[in-house]
Each structure stands twice: as structure tokens, then as C-alpha cells.
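Have a look at the structure below before the remarks.
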Amino acid sequence: TKNIPEGSHQYELLKHAEATLGSGNLRQAVMLPEGEDLNEWIAVNTVDFFNQINMLYGTITEFCTEASCPVMSAGPRYEYHWADGTNIKKPIKCSAPKYIDYLMTWVQDQLDDETLFPSKIGVPFPKNFMSVAKTILKRLFRVYAHIYHQHFDSVMRLQEEAHLNTSFKHFIFFVQEFNLIDRRELAPLQELIEKLGSKDR
């Protein structure tokens with residue numbers, strides 16, 4: 001996980017996000033607070049989603065094994081192969097736990113990179129920040145998609161479904177608000193996304 005330092009502006013933003021979440025109106029909670037920097041808002045929320053997904057996936061790792069999930073999939077029609085563009089250039093087929101391990105490690109490395117995610121006040125975000133954030137969120141979505149398609153029964157048994165649904169709904173409203181993930185990428189959970197959205201009209 002990644003900690004946002006207490007007393008920092010980003011910490012204040014995170015607190016703001018948590019407070020608005022408590023109001024129950026997620027559409028409002030994801031909006032850019034007045035006078036805030038969009039990059040910073042996206043950075044704080046990306047860190048928060050990473051931590052949430054890490055925690056959610058952590059609850060079901062014993063059910064997500066090389067044997068149960070030999071490929072990283074989100075239902076029979078969607079299979080993901082891993083590449084990070086630096087160490088692994090050509091996408092490789094690997095088990096879900098391996099894929100998610102690669103993915104989470106890769107995201108953690110991006111979040112820890114001060115040139116990409118500056119934690120100090122006044123340090124500017126890089127020109128390519130938005131495209132980096134979009135790639136991170138696109139990949140984090142795949143972990144939700146895998147959990148929903150392959151492990152929802154375990155989530156139910158653990159009575160985690162309300163937690164998972166709230167986290168995912170917050171994530172989806174956030175990426176929709178700022179157009180951060182291509183619709184095609186969201187296809188594996190399209191029905192669920194429509195269902196979550198219709199309750200909030």
C-alpha cells in the first residue's frame with residue numbers, strides 16, 4: 001500500500017474525498033473540488049483505489065491460485081496477457097495471481113516514482129501524467145473484473161459484497177466523471193456498471 005503523508009495537501013484532499021463519500025452521493029463525491037488541481041485529485045484517488053483493490057483482492061487470494069485461475073480472465077470472453085513495456089515488452093500469458101502480482105507491483109512502482117506522482121507541494125506533475133493515470137486505472141479495473149467474474153461466490157461467503165460493490169461503484173463513477181477508461185475496456189462489467197448507474201439517477 002501507499003500512504004499519503006498526514007498534514008500534506010493530498011491528505012486534506014483524501015479527507016475531503018472520504019467526507020463526501022460518507023454523504024452517500026457518489027456522483028457528487030467524485031467531482032473535482034472547487035479550486036483544486038485536476039492532476040492532484042486524480043493522483044490522490046488513484047492511490048486510494050490502488051489501496052482499496054489491494055485490500056479487496058487480499059481477502060480472496062487463497063481462492064485465486066495457479067490451479068483455480070491458470071489464466072487472467074474476466075469471464076470466458078476476456079483474457080488478459082501481461083506486459084509492462086519495460087521488463088516485459090511482449091505480452092505473456094500467465095495465471096491470474098501472477099498477473100495481479102505483476103500488475104500491483106507495477107502500479108506501486110509508478111505511485112512511488114516522485115517524478116510521476118510528486119508528493120511534495122509545488123512539484124509539478126509531468127506532462128504525461130494523465131496517460132500514466134489512465135493506464136494505471138485501466139489495469140486496476142481488470143482486478144475488479146477478475147474478482148467479479150471468477151470469485152464473486154467467495155466474496156459473498158466472506159460477506160464482502162457490499163464493500164466490493166461500493167468500492168467498484170466509486171471507482172466507476174470516478175473514471176466516468178473524468179473519462180479515464182475507454183468504454184471497450186469496461187465491457188467485461190458493462191451490465192453491472194449500468195445497474196450501479198441506474199440506481200443513482
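Along the sequence shown, the residues carry numbers beginning at 1.
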(request) For Ser73 and Glu79, test the side chains for any donor-to-acceptor distance below 3.5 angstrom and give the result as yes or no. (result) no
(request) Rounded to the nearest 0.5 Å, what's the gap from CD1 on Ile60 to CD on Glu160? Could you check? (result) 10.0 Å
(message) Quick check: do Gln176 and Ile193 have side-chain heavy atoms less than 4.5 Å from each other?
(response) yes
(request) Over all heavy atoms of both residues, which pair between Ala133 and Ile42 is shortest? Give the atoms and the distance, please. (result) CB-CG2, 3.8 Å
(message) Any non-hydrogen side-chain atom of His146 less than 4.5 Å from a side-chain atom of Pro188?
(response) no
(request) Indicate the atoms forming the closest heavy-atom contact of Ser167 with Leu56, along with that distance. (result) OG-CD1, 3.6 Å
(request) Classify the ring geometry between His170 and Phe174 as parallel (under 30°), tilted (30 to 60°) or perpendicular (over 60°). (result) perpendicular
(request) Establish whether Phe141 and Val71 are linked, either directly or via other cluster members, by ILVMFWY side-chain heavy-atom contacts under 4.5 Å. (result) no
(message) Using side chain to side chain contact (heavy atoms under 4.5 Å, CB included), reason through Leu189 and Phe168 one step at a time and then give a plain yes or no.
(response) CA-CA 10 Å; Leu189 294 177; Phe168 180 63; 3.5 Å; yes
(message) What's the separation between atom CZ in Phe50 and atom CG in Leu140, rounded to the nearest 0.5 Å?
(response) 7.5 Å
(message) Can a side-chain donor-acceptor contact be found between Arg142 and Tyr99 if the only test is distance below 3.5 angstrom?
(response) yes
(message) Can you give me the closest heavy-atom contact between Leu137 and Ile181, atom names plus distance?
(response) O-CD1, 3.5 Å
(request) May I ask you to test the Ile53-Val107 pair for a side-chain heavy-atom distance under 4.5 Å? (result) no
(message) Tell me every residue that passes ring-ring contact (aromatic ring centres under 6.0 Å, His included) with Phe63, counting only those two or more places apart in sequence or in another chain.
(response) none
(request) Sequence neighbours left out, what passes ring-ring contact (aromatic ring centres under 6.0 Å, His included) with Phe125? Give chain and number order. (result) Phe129
(message) Looking at every non-hydrogen atom in both residues, tell me the closest pair between Phe173 and Leu196 and how far apart they are.
(response) CZ-O, 4.0 Å
(message) Does any part of the side chain of Asn39, heavy atoms only, come nearer than 4.5 Å to the side chain of Met130, both counted from C-beta?
(response) yes
(request) Flag the pair Thr59 / Met55 as yes when at least one side-chain heavy-atom distance between them is below 4.5 Å, and no otherwise. (result) no
(request) Apply the test side chain to side chain contact (heavy atoms under 4.5 Å, CB included) to residues Arg183 and Gln190: give CA-CA distance (whole Å), side-chain angles for both, the deciding distance (0.1 Å), then the verdict. (result) CA-CA 9 Å; Arg183 270 186 74 91; Gln190 198 48 52; 3.8 Å; yes
(message) Grouping I, L, V, M, F, W and Y whenever their side-chain heavy atoms are under 4.5 Å apart, do Val47 and Val123 come out in a common cluster?
(response) no
(request) Report yes or no: do Phe49 and Leu32 belong to one cluster of Ile/Leu/Val/Met/Phe/Trp/Tyr joined by side chain heavy-atom distances under 4.5 Å? (result) yes
(request) Work out which heavy atom in Ser68 is nearest to a heavy atom in His151; give both atom names and the distance. (result) OG-CE1, 4.4 Å
(request) Determine, for Phe171 and Lys169, whether the Lys NZ or Arg CZ falls below 6.0 Å from the six-membered ring centre while staying within 45 degrees of the axis. (result) no
(request) Measure the shortest side-chain to side-chain distance between Tyr102 and Ile92 over non-hydrogen atoms and say whether it is less than 4.5 angstrom. (result) yes
(message) Using 0.5 Å steps for rounding, measure from the OG1 atom of Thr105 to the CD atom of Gln110.
(response) 11.5 Å
(request) Evaluate side chain to side chain contact (heavy atoms under 4.5 Å, CB included) for Ser119 paired with Glu114, printing each intermediate quantity in order. (result) CA-CA 7 Å; Ser119 61; Glu114 283 286 329; 2.8 Å; yes
(request) Taking Asn128 for its side chain and Ser131 for its backbone only, find out whether a donor-acceptor pair lies under 3.5 Å. (result) no
(message) So, taking the atom named CG in Asn45 and the one named CD in Gln52, what distance separates them when rounded to the nearest 0.5 Å?
(response) 9.0 Å
(request) Report yes or no: does Lys98 contribute a side-chain atom to a donor-acceptor pair with the main-chain N or O of Ser95 at less than 3.5 Å? (result) no
(request) Check Ala74 against Ala145 and note the closest heavy-atom contact, atom names and distance. (result) CB-CB, 3.7 Å
(message) Are Thr61 and Pro97 packed together at the side-chain level, in the sense that at least one heavy-atom pair is separated by less than 4.5 angstrom?
(response) no
(request) Kindly indicate whether the side chain of Tyr148, heavy atoms from C-beta on, has any atom under 4.5 Å from the side chain of Asn165. (result) yes
(request) List in chain and number order the residues that pass side-chain hydrogen bond (donor to acceptor under 3.5 Å, both in side chains) with Glu177, two or more places apart in sequence or in another chain; answer none if no residue qualifies. (result) none
(message) Checking Trp82 against Arg139 for the side chain to side chain contact (heavy atoms under 4.5 Å, CB included) test, could you report, in this order, the C-alpha distance in whole Å, the side-chain angles of both residues, the deciding distance, and whether it holds?
(response) CA-CA 10 Å; Trp82 179 254; Arg139 289 177 167 177; 3.4 Å; yes
(message) Treating Asp37 as the side-chain partner and Glu40 as the backbone partner, does any N or O pair qualify as donor plus acceptor under 3.5 Å?
(response) yes
(request) Would you give the length of the straight line joining atom CH2 of Trp106 to atom CG of Asp84, rounded to the nearest 0.5 angstrom? (result) 8.5 Å
(request) Measure the CG-NE2 distance between Leu192 and His149 for me, rounded to the nearest 0.5 Å. (result) 8.5 Å
